[in-house]
2 protein chains.
Amino acid sequence: MSDAIPLARTDAALIALRRILRATEQYERELAQAVGLTPAKLRVLQILSAETGRPAPPSRLAGRMGVSQATVTALVDQLETRGYVLRERSVADRRQLLVRLTQAGAEALAQAPDALQQNFVQGFQALQDWEQAMLVASLERVAAMLNASGIDASPVLTLGEIGRPRG
Amino acid sequence: MSDAIPLARTDAALIALRRILRATEQYERELAQAVGLTPAKLRVLQILSAETGRPAPPSRLAGRMGVSQATVTALVDQLETRGYVLRERSVADRRQLLVRLTQAGAEALAQAPDALQQNFVQGFQALQDWEQAMLVASLERVAAMLNASGIDASPVLTLGEIGRPRG
DNA sequence: GGCGATTCTTTGCCAATCGAAGCATCCCCA
DNA sequence: TGGGGATGCTTCGATTGGCAAAGAATCGCC
């Protein structure tokens, strides 16, 4: 069991990473389902919402999501059908569209409240101050390591809206 | 706590988490592509490989991957067609199948060397001993928090084979 | 004025995934 | 010993997410 080789530590780190990954993916799925959406569509709404209400062109959404524009088109189509977003032509550049979150979309999004980060946020906030700081530092460090290869890694909070003292 | 708004820290943690997520997903895609496989199929091979060569029943694969058995059936079908795995009936319980990694499968897997964790593993191993320990502790802590909702979170190293000092 | 670049959509395709139904086999218990 | 229910897997049908390539509208520069 207790190996002498130091590599076991790398293993442990990767295993933990993988668990984080899986847990988060699963959360995302559950969250989406709770709102009656699919994960991809939910992500669109979340990105839009994270832009503080400003409409965003499909190209931007594609960049943020790391998918092609064709995919975004399909997703926006479906969201538009449900009335969660709407397309408006940009006046400055008429080639460009702007996808805007509607009232209905924002409400749908709001229905996916904590549910998701419940566990994490609660656990996190129960920690001592220095522990929180350490965790954040560690996570950012890991992210930086992984990100060394130059991924965009937009800071979009796909995990749901956060930092809102509910109520 | 001294800070006026402690929530900013939660935000930071979630953002970092999200970046880790995205980076890893993208890595996975690249890795799979390098081997000429899709992420899902690659994952099957990896799990099989992680079991140190012992064949595993589809149910186990499904559990590890967090997908349904129907999905595993489809994936194994395709891997079998390519000769990367083969199915054998269990003698102990003839309802059960065992999926075994073939030589060809192992070789395909071996072609997906580091590539993936290159960045992470190298960065990680360059750290001081205590830093490594701290990171592992932090990651495991985060995983535990997320996992509080009772996700299986198998310790399978879907990130690829690890602990290999690159040759 | 026109040609190349940009932005989005359309079309046609494939991979991943699920639920439900179906089938073989096992195991318990009367 | 023989059912009957549980278990393990596959099949079937459907949906979602995703891409590449071709098409259409518009822009901007020369």
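Within every chain, numbering begins at 1; the chains are lettered A, B, ... in the order of the sequence lines, protein sequences first and strands thereafter.
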Given [options], the nucleotide with the shortest approach to the side chain of [X]:
{"X": "A:P39", "options": "C:dC8, D:dG17, C:dT25", "value": "D:dG17"}
{"X": "A:L97", "options": "C:dT9, D:dC9, C:dT10", "value": "C:dT9"}
{"X": "B:T71", "options": "D:dT10, C:dA16, C:dC8", "value": "C:dA16"}
{"X": "A:L75", "options": "D:dG17, C:dT9, D:dT10", "value": "D:dG17"}
{"X": "B:D77", "options": "C:dC8, D:dT11, C:dA16", "value": "D:dT11"}
{"X": "A:Q96", "options": "D:dC9, C:dC8, D:dC19", "value": "C:dC8"}
{"X": "B:T73", "options": "D:dG18, D:dT10, C:dT7", "value": "D:dT10"}
{"X": "A:T38", "options": "C:dT9, D:dG17, C:dT17", "value": "D:dG17"}

- [ ] Give A:A70 one of three labels, base, sugar-phosphate or nothing, depending on what nucleic acid heavy atoms sit under 4.0 Å from its own.
- [x]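 If one applies the 4.0 Å heavy-atom cut-off, A:A70 turns out to touch a base.
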
Just the rounded figure in Å: distance from [atom2] of [N] to [atom1] of [X].
{"X": "A:R60", "N": "C:dC8", "atom1": "CZ", "atom2": "P", "answer": "12 Å"}
{"X": "A:E80", "N": "C:dT10", "atom1": "CD", "atom2": "P", "answer": "10 Å"}
{"X": "B:Q78", "N": "C:dA16", "atom1": "CD", "atom2": "C1'", "answer": "9 Å"}
{"X": "B:R94", "N": "D:dT10", "atom1": "CZ", "atom2": "C1'", "answer": "16 Å"}
{"X": "B:L42", "N": "C:dA16", "atom1": "CG", "atom2": "P", "answer": "11 Å"}
{"X": "A:Q33", "N": "C:dG19", "atom1": "CD", "atom2": "C1'", "answer": "12 Å"}
{"X": "B:R89", "N": "C:dA24", "atom1": "CZ", "atom2": "P", "answer": "10 Å"}
{"X": "B:L61", "N": "C:dT17", "atom1": "CG", "atom2": "C1'", "answer": "16 Å"}

Query raised in the report: Between atom CG of A:L98 and atom CG of A:D93, what is the distance when rounded to the nearest 0.5 Å?
Result: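 Taking CG in A:L98 and CG in A:D93, the distance rounds to 9.5 Å.
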
Report the distance from atom CG of A:L48 to atom CZ of A:R60, rounding to the nearest 0.5 Å.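 Reported to 0.5 Å precision, the distance equals 10.5 Å.
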
- prompt: Would one find more than 12 heavy atoms of other residues, nucleotides or ligands at under 6.0 Å from atom CD of A:E131?
  reply: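 Yes - once you tally the heavy atoms of other residues, nucleotides and ligands closer than 6.0 Å, there are more than 12.
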
Is atom CD of A:Q33 surrounded by more than 12 heavy atoms (other residues, nucleotides or ligands) closer than 6.0 Å?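 Atom CD in A:Q33 is not crowded, with 12 or fewer foreign heavy atoms closer than 6.0 Å.
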
Q.
I want to check one thing: is the phosphate of D:dG8, taken as OP1 and OP2, less than 4.0 Å away from some side-chain N or O of B:Q69?
A.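 No.
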
Subject >> Phosphate OP1/OP2 of C:dT9: any A:R87 side-chain N/O under 4.0 Å >> reply: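 The answer is yes; a side-chain N or O of A:R87 sits under 4.0 Å from OP1 or OP2.
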
Checklist line | Polar side-chain contact A:R95-C:dT6 base: donor and acceptor under 3.5 Å | finding: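 Looking at the base of C:dT6, it does pair with a donor or acceptor on the side chain of A:R95 (distance under 3.5 Å).
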
Tell me if a side-chain donor or acceptor on B:R89 pairs with a main-chain N or O of B:R94 at a distance below 3.5 Å.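 Indeed, once roles are kept as given, a pair shorter than 3.5 Å links the two residues.
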
Exercise for the section: Spell out, as yes or no, whether a donor-acceptor pair under 3.5 Å connects the side chain of B:E80 to the backbone of B:R87. Expected result: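 Yes, the answer is positive, given that a donor and an acceptor are paired below the 3.5 Å cut-off.
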
Of A:S68 and B:D93, whose closest DNA chain D nucleotide lies nearer the 5' terminus?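 Looking at DNA chain D, the more 5' nearest nucleotide goes with B:D93.
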
Residue met sooner reading DNA chain D from 5', once B:S59 and A:A74 are mapped to nucleotides: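 Final value for this comparison: B:S59.
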
